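Note that ligands are numbered from 1 as they come in the structure, with each ligand's atoms numbered from 1 the same way. Throughout, residue positions are numbered sequentially from 1 according to the sequence presented. Not measured: the values here are computed from a predicted model.
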Amino acid sequence: MILHDKLSAQIPAWRARVKALTQDHSEAVVDRVTVGQVYGGMRDIKSLVSDISYVDPAEGIRLRGYTIPEVIRQLPKPSGAEMPYVGGLYYLLLVGEMPTDEQALAVEDEWKARSVVPQHIFDFLRVIAPMAHPMQLFSQAVLALQSSSLFTRKYHEGMKKDEYWLPMLEDSLNLTAKLPTIAAFIYNVKYRTGAVPHPDPELDWAANFARMVGVDGKEYEDVSRLYFILHSDHELGNVSAHVTHLVASSLSDIYYAFSAGLNGLAGPLHGLANQECLAWLLEVHKKLGGVPTREQLRQYTWDWLNSGRVIPGYGHAVLRVPDPRFVAQLEFAKKHFPDDEIYRLAALVFDVVPEVLKEQGKAKNPAPNVDAISGTLQYHYGVREFDFYTVLFGVGRALGVTANVVWARALGQPLERPKSLTTKMLEELADGG
Ligand code: HAX
């Protein structure tokens with residue numbers, strides 16, 4: 001298998017590099033930590049390692065060193081498509097090199113061979129669907145697959161530590177292969193006939209999702225490819241990536257770990273912001289009778305802020321510029337449906353809200369994040385049930401977190417266990433006592 005061979009070839013040199021760094025320089029100081037950071041959600045404390053992606057506050061994400069426009073331009077694409085194979089992106093995340101067409105297709109083929117979802121998953125989801133939010137269904141579906149974990153089986157059979165990454169890669173491929181079908185089923189069982197979808201072996205991973213969710217046409221296939229690529233990875237400190245990494249650090253398998261990560265993604269300050277954002281746009285559109293004037297929108301934004309609520313899709317814990325993932329989706333919408341009312345409203349919000357947030361002076365970053373526009377694209381192509389949107393985010397996020405966990409196992413990253421202090425200790429420390 002191509003990923004296995006490529007990783008096997010790289011891992012010994014990486015292990016030697018990490019060993020040299022940690023043995024010879026374990027006392028080197030990375031940064032100082034302040035009371036504000038300890039009591040402030042650990043913001044910007046540099047205490048995690050990922051070579052898969054990095055978020056520069058002034059530039060945005062790079063995946064394996066490539067900016068979003070470079071990733072979109074350079075990854076191999078299906079013939080006639082505007083957006084690349086997601087299989088190529090997964091190769092890039094795992095291997096760290098831009099794949100050839102053949103290498104991207106090899107990952108797509110691996111996924112096809114592993115895509116069958118056991119019937120009991122559909123049966124179980126069908127029972128709980130009427131009461132459950134789509135994110136609960138998604139998290140439970142991933143957890144229900146846990147009994148198939150190769151890592152857990154091999155661990156209990158007695159596996160050497162330097163082999164841990166092998167079943168982790170197998171589990172990661174088995175899990176990610178099934179996600180388009182699981183997500184499409186969640187959509188169908190919540191909002192359509194409830195039919196079990198079947199992937200078409202002629203289509204790539206993302207195009208299969210598009211078809212199974214019931215949207216025809218090349219444009220939505222491209223939206224799906226773009227969406228999953230953009231949501232894949234955003235370094236290791238965000239809630240979904242960090243939770244997955246943390247849980248996996250106890251040697252839980254990827255099913256336990258990613259299910260936990262999805263539960264973090266389901267919070268409104270993280271992934272759920274994408275459904276909140278579209279809801280907000282629709283509410284503005286309804287209350288102001290269409291696309292408003294700049295002045296009407298300014299007033300609406302102020303009234304909203306004065307009622308103590310946040311503007312979903314704006315602000316970021318790390319970024320200090322408009323998110324390039326936002327920009328890529330805005331450009332797609334501008335090119336393909338410039339006259340769509342919700343797109344025009346989202347573009348106006350981009351023009352007005354940062355200015356208002358700056359005047360308010362609270363948010364450190366008044367610019368849009370990935371969630372400010374993603375729902376606009378889904379809504380345009382007919383996926384309008386916005387409480388489904390965070391599931392889409394989760395399908396993409398699986399690619400990044402699984403790649404990170406495979407590498408964490410390969411490099412023997414240990415159990416995560418930071419230290420907590422009491423408030424009294426911090427007070428004494430602040431007093432110099
Ligand atoms: N609207 C109004 N106020 C905002 C704001 C926004 N969009 N963004 C930040 N603020 C406020 C904060 O609520 C905070 O207020 P208090 O001091 O009263 O608590 C203040 O500005 C400082 O916050 P910050 O330091 O700029 O931001 P944080 O690092 O604490 O939080 C968040 C980052 C993304 C959670 C924040 O900007 C926010 O709530 N945004 C809206 C929700 C959102 O879009 N979330 C998705 C983020 C991207 C992501 O993870 N996607 O999955």
Side chain to side chain contact (heavy atoms under 4.5 Å, CB included) with D123: which residues, sequence neighbours excluded?
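D123: side chain to side chain contact (heavy atoms under 4.5 Å, CB included) contacts with Q119.
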Intermediate values then yes/no, side chain to side chain donor-acceptor pair (under 3.5 Å), Y91 and Q103
CA-CA 7 Å; Y91 181 100; Q103 289 164 335; 3.1 Å; yes
What class does the angle between the rings of F228 and W205 fall in, given that below 30° is parallel, 30 to 60° is tilted and above 60° is perpendicular?
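The arrangement is perpendicular - the two ring planes meet at more than 60°.
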According to ring pair (Phe, Tyr, Trp, His ring centres under 6.0 Å), does anything in residues 230-258 pair up with another residue at least two apart or in another chain? List the pairs.
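Every pair satisfying ring pair (Phe, Tyr, Trp, His ring centres under 6.0 Å) with a residue in residues 230-258: Y227-H231, H231-F393, H234-H316.
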Under 4.0 Å from ligand 1 - residues by heavy atom, chain and number:
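Under the 4.0 Å cut-off, ligand 1 touches R43, L269, H270, G271, A273, L305, V310, I311, P312, G313, Y314, G315, H316, A317, L357, K362, A363, K364, N369, D371, F393.
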Kindly write out the residues that satisfy side-chain hydrogen bond (donor to acceptor under 3.5 Å, both in side chains) with T301, not counting sequence neighbours, or none if the list is empty.
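Here no residue qualifies.
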CA sep, side-chain torsions, deciding dist, call: R192, Y187, side chain to side chain donor-acceptor pair (under 3.5 Å):
CA-CA 7 Å; R192 297 286 186 265; Y187 188 74; 3.0 Å; yes
